[in-house]
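Notes follow the structure.
Since we're looking at a predicted model, the values are computed, not measured.
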Amino acid sequence: MASTLRNVHGKRSNFQSEFTGNGGSKRRNLHDDTDQNVIGSEDTVYRYLCPVKKTGSIIGKGGEIAKQIRSDTKSNMRINEALPGCEERVVTIYSTNEELNHFGDDGELVCPALDALFKVHDMVVADTDHDDGNDDDDDDLGEKQTVTVRMLVPSDQIGCVIGKGGQVIQNLRNETNAQIRVIKDHLPSCALTLSHDELLQIIGEPLVVREALYQVASLLHDNPSRFQHLLLSSSSSMHQPGAMLMSAAITSSHRNYAVRRDITDAREFCVCFICPAENVGGVIGKGGGFINQIRQETGATIRVNTSETDEDDCIIFISSKEFYEDQSPAVNAAIRLQQRCSEKVGKDANDLAFSTRLLVSSSQIGCLIGKGGAVISEMRSVTRANIRILQKEDVPKIAREDEEMVQITGNPDAAMKALTQVILRLRANSFDMDHGLVLLPTSFPYIPQLTESSSKSKYAKRDDHSKLNSNSKRRNYVS
């Protein structure tokens, strides 16, 4: 197997493709000082789809396992936030090709990204073995197990796997006995439109899939995509200098990476909307029907609170106890409730926009601002929404003393994207996740939202913010 991969002398894999769609596929060992937070045109990049329920095996508490993989392989790795309704998370693994790692029993020299790809893959498969109750010492059961690998590949790169007339992919099937397919339709919502992603799927017994993955990884290594430098652009401001490579002092075997979930690692994540009082009926629904439906479908706890002051606002408090690697019930519920909790602004239907207000603890607000305002500036640029952070006298009286207000204004699509960016960053921060590990989505699944709230604006009542204070308490609203 090792002979199929390009080595330090630049030899190409046995499954050489005639594909030239990326403008010349043969790599050059170029040395430059490109920042490690950017994917270079000659880097090796893999985007492995990890089932949401398996991501704990490659993340670990506070990202410890992922950091260790990066350290041991000297590769870079980003794990996308889970998108509502998507059962997989994208693990983006990339590296330069100037340093090579020893791989496999025969010590073949490979690029760090390929080394990391197989550490991730082996952990996901091992986690599957554990969930299925398979005994590692039982060879018969191991032979019967079926493994599925799914990867996203840009359209200008997938040709190296297919080959002219499908010859390369057919040779791969014959050589490895794996089921290998390229899927262009019905892609997961985590696929990127910009790079015209296609889905590469490999199915078979564990050793068969591992061999096929090796062959495919070799071809992708030899044929970089011209789009790959854009794959991290949405979260560039979150990447801290040097955050990619952790200390090489961690030397444990990858067999020691896997951890079992501990209920004490679960944390409560909360989203706190400021909702116009006149919208509360729409949030609750007739007889509590709508709010109960959201509770049931998302699993989140949703409470409606009012203040003891004469303010025209109330609090919609959304929370759930969750593991970081899982999809967040609170995030899912917040996105679905956003428009009902927001105030309509704009003069007519053609100029429809929403103003969404969130209360955020002062201790967390820094993760939304970033050094020199870099994070909030990028969120504004990516989402095209107006995002403001209001403090002290500009915060409504319904807020507590240790809370500040985030206000998002934009058309329905921009407002939803901005809310998603904000609450995913808050969630990562609440789990103490390394900002260099988290990759936020550049595209978002469509979530239909019905609104029943009035379009009447009440901002005219709040033009004198100097009269507001933040000393009020909250009491429960019957819902």
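The minimum heavy-atom distance linking Ile93 with Leu117 is given by the pair CD1-CA, 3.7 Å. The heavy-atom pair separating Pro412 from Gln339 by the smallest distance is CB-NE2, 3.6 Å. Contact between Asp197 and Arg47 at its shortest, heavy atoms only, is OD1-NH2, 2.6 Å. Looking at every heavy atom in both residues, Val271 comes nearest to Ala330 through CG2-O, 4.5 Å. When all heavy atoms are compared, the tightest approach of Ile58 to Cys50 is CD1-SG, 4.0 Å. Smallest separation of non-hydrogen atoms from Met77 and Val120: SD-CG2, 3.8 Å.
Looking at Val149 and Val216, their side chains never come closer than 4.5 Å, going by heavy atoms from C-beta outward. Counting only heavy atoms from C-beta outward, the side chains of Leu200 and Val182 approach each other to under 4.5 Å. Between Ile318 and Cys270, every side-chain heavy-atom pair lies at or beyond the 4.5 Å cut-off. Side-chain contact between Ser95 and Lys74: absent, with no pair of heavy atoms (C-beta onward) separated by less than 4.5 Å. Using a 4.5 Å heavy-atom threshold, the side chains of Arg388 and Thr409 count as separate. With a 4.5 Å cut-off on side-chain heavy atoms, Leu219 and Leu172 count as touching. Counting heavy atoms from C-beta outward, His121 and Val147 have side chains that approach closer than 4.5 Å. Inter-residue side-chain proximity for Asp222 and Cys160 is flagged as unmet; no heavy-atom pair is nearer than 4.5 Å.
In this structure, the side chain of Gln364 engages the main chain of Leu426 through a donor-acceptor pair within 3.5 Å. Of the possible polar contacts, none joining the Arg181 side chain to the Gln201 backbone as a donor-acceptor pair under 3.5 Å is found. At least one donor-acceptor pair under 3.5 Å links the side chain of Arg267 to the backbone N or O of Ser430. With hydrogens and angles disregarded, a donor-acceptor distance shorter than 3.5 Å links the side chain of Gln157 to the backbone of Asn223. Formation of a donor-acceptor pair under 3.5 Å by the Ser71 side chain with backbone atoms of Lys67 is not found in this model. Thr420 places a side-chain N or O within donor-acceptor distance of the main-chain N or O of Met416, the cut-off being under 3.5 Å. In this structure, the side chain of Ser320 does not engage the main chain of Glu322 through any donor-acceptor pair within 3.5 Å. The backbone N or O of Asp43 sits less than 3.5 Å from a side-chain atom of Gln228, completing a donor-acceptor pair. Proximity of a side-chain donor or acceptor of Tyr46 to a complementary backbone N or O of Ala217 within less than 3.5 Å is detected. A donor-acceptor distance shorter than 3.5 angstrom exists from the side chain of Asn101 to the backbone of Thr73, with no hydrogens or angles considered.
Distance check: Leu109 CG to His102 NE2 gives 5.0 Å after rounding to the nearest 0.5 Å. Ile291 contributes atom CD1, which lies 7.0 Å from atom CG of Leu337 (distance to the nearest 0.5 angstrom). Between the CG atom in Asp72 and the CG atom in Asp115 there is a gap of 8.5 Å [rounded to 0.5 Å]. In this structure, the separation between CD1 on Ile365 and CD1 on Ile389 is 4.0 Å, given to the nearest 0.5 Å.
Looking only at atom types and distance, the side chain of Asn97 has a donor-acceptor partner in the side chain of Thr44 under 3.5 Å away. Side-chain contact, Thr356 with Gln338: a donor N or O sits under 3.5 Å from an acceptor N or O. For Gln215 and Glu211, the side-chain atoms include at least one donor-acceptor pair closer than 3.5 Å. For the residue pair Arg357 and Gln407, no side-chain donor N or O sits within less than 3.5 Å of a side-chain acceptor on the partner.
The 12-atom threshold is exceeded at CD of Glu268, counting heavy atoms of other residues, nucleotides or ligands nearer than 6.0 Å. For Asn174, the CG atom sits in a packed shell: over 12 heavy atoms of surrounding residues, nucleotides or ligands are nearer than 6.0 Å.
Under the side chain to side chain donor-acceptor pair (under 3.5 Å) criterion, Asn177 pairs with no residue at all, not counting sequence neighbours. Residues passing the salt bridge (charged side-chain N to carboxylate O under 4.0 Å, His left out) test with Arg89: none are found, sequence neighbours excluded. Listed by chain and residue number, nothing satisfies the side chain to side chain donor-acceptor pair (under 3.5 Å) test with Gln179 (two or more places apart in sequence, or in another chain). Residues passing the salt bridge (charged side-chain N to carboxylate O under 4.0 Å, His left out) test with Glu297, sequence neighbours excluded: Arg336. When the ring-ring contact (aromatic ring centres under 6.0 Å, His included) test is applied to Phe269, no partner is found at least two apart in sequence or on another chain. Remark: Arg173 engages no residue in a salt bridge (charged side-chain N to carboxylate O under 4.0 Å, His left out) (not counting sequence neighbours).
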Next item on the list: I would like to know whether Phe354 and Ile408 meet side-chain contact (heavy atoms from CB on, under 4.5 Å); could you show each step before the answer?
Entry: CA-CA 8 Å; Phe354 288 93; Ile408 298 167; over 6 Å; no
Margin query: Test side-chain contact (heavy atoms from CB on, under 4.5 Å) on Lys184 and Ile158; report intermediate values, then the result.
Written below: CA-CA 11 Å; Lys184 300 183 179 182; Ile158 196 66; 5.8 Å; no
Next item on the list: Verify side-chain contact (heavy atoms from CB on, under 4.5 Å) between Arg78 and Arg70, making sure each step is shown before the conclusion.
Entry: CA-CA 10 Å; Arg78 294 287 183 270; Arg70 295 189 299 184; 3.3 Å; yes
Note to self: Quick one, Thr148 with Ile203, criterion side-chain contact (heavy atoms from CB on, under 4.5 Å). Give me CA distance, side-chain angles, the key distance, then yes/no.
What the structure shows: CA-CA 5 Å; Thr148 300; Ile203 302 176; 3.7 Å; yes
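Ion pairing of Arg425 with Glu378 is present here, as a side-chain N (NZ or NE/NH1/NH2) and a carboxylate O approach within less than 4.0 Å.
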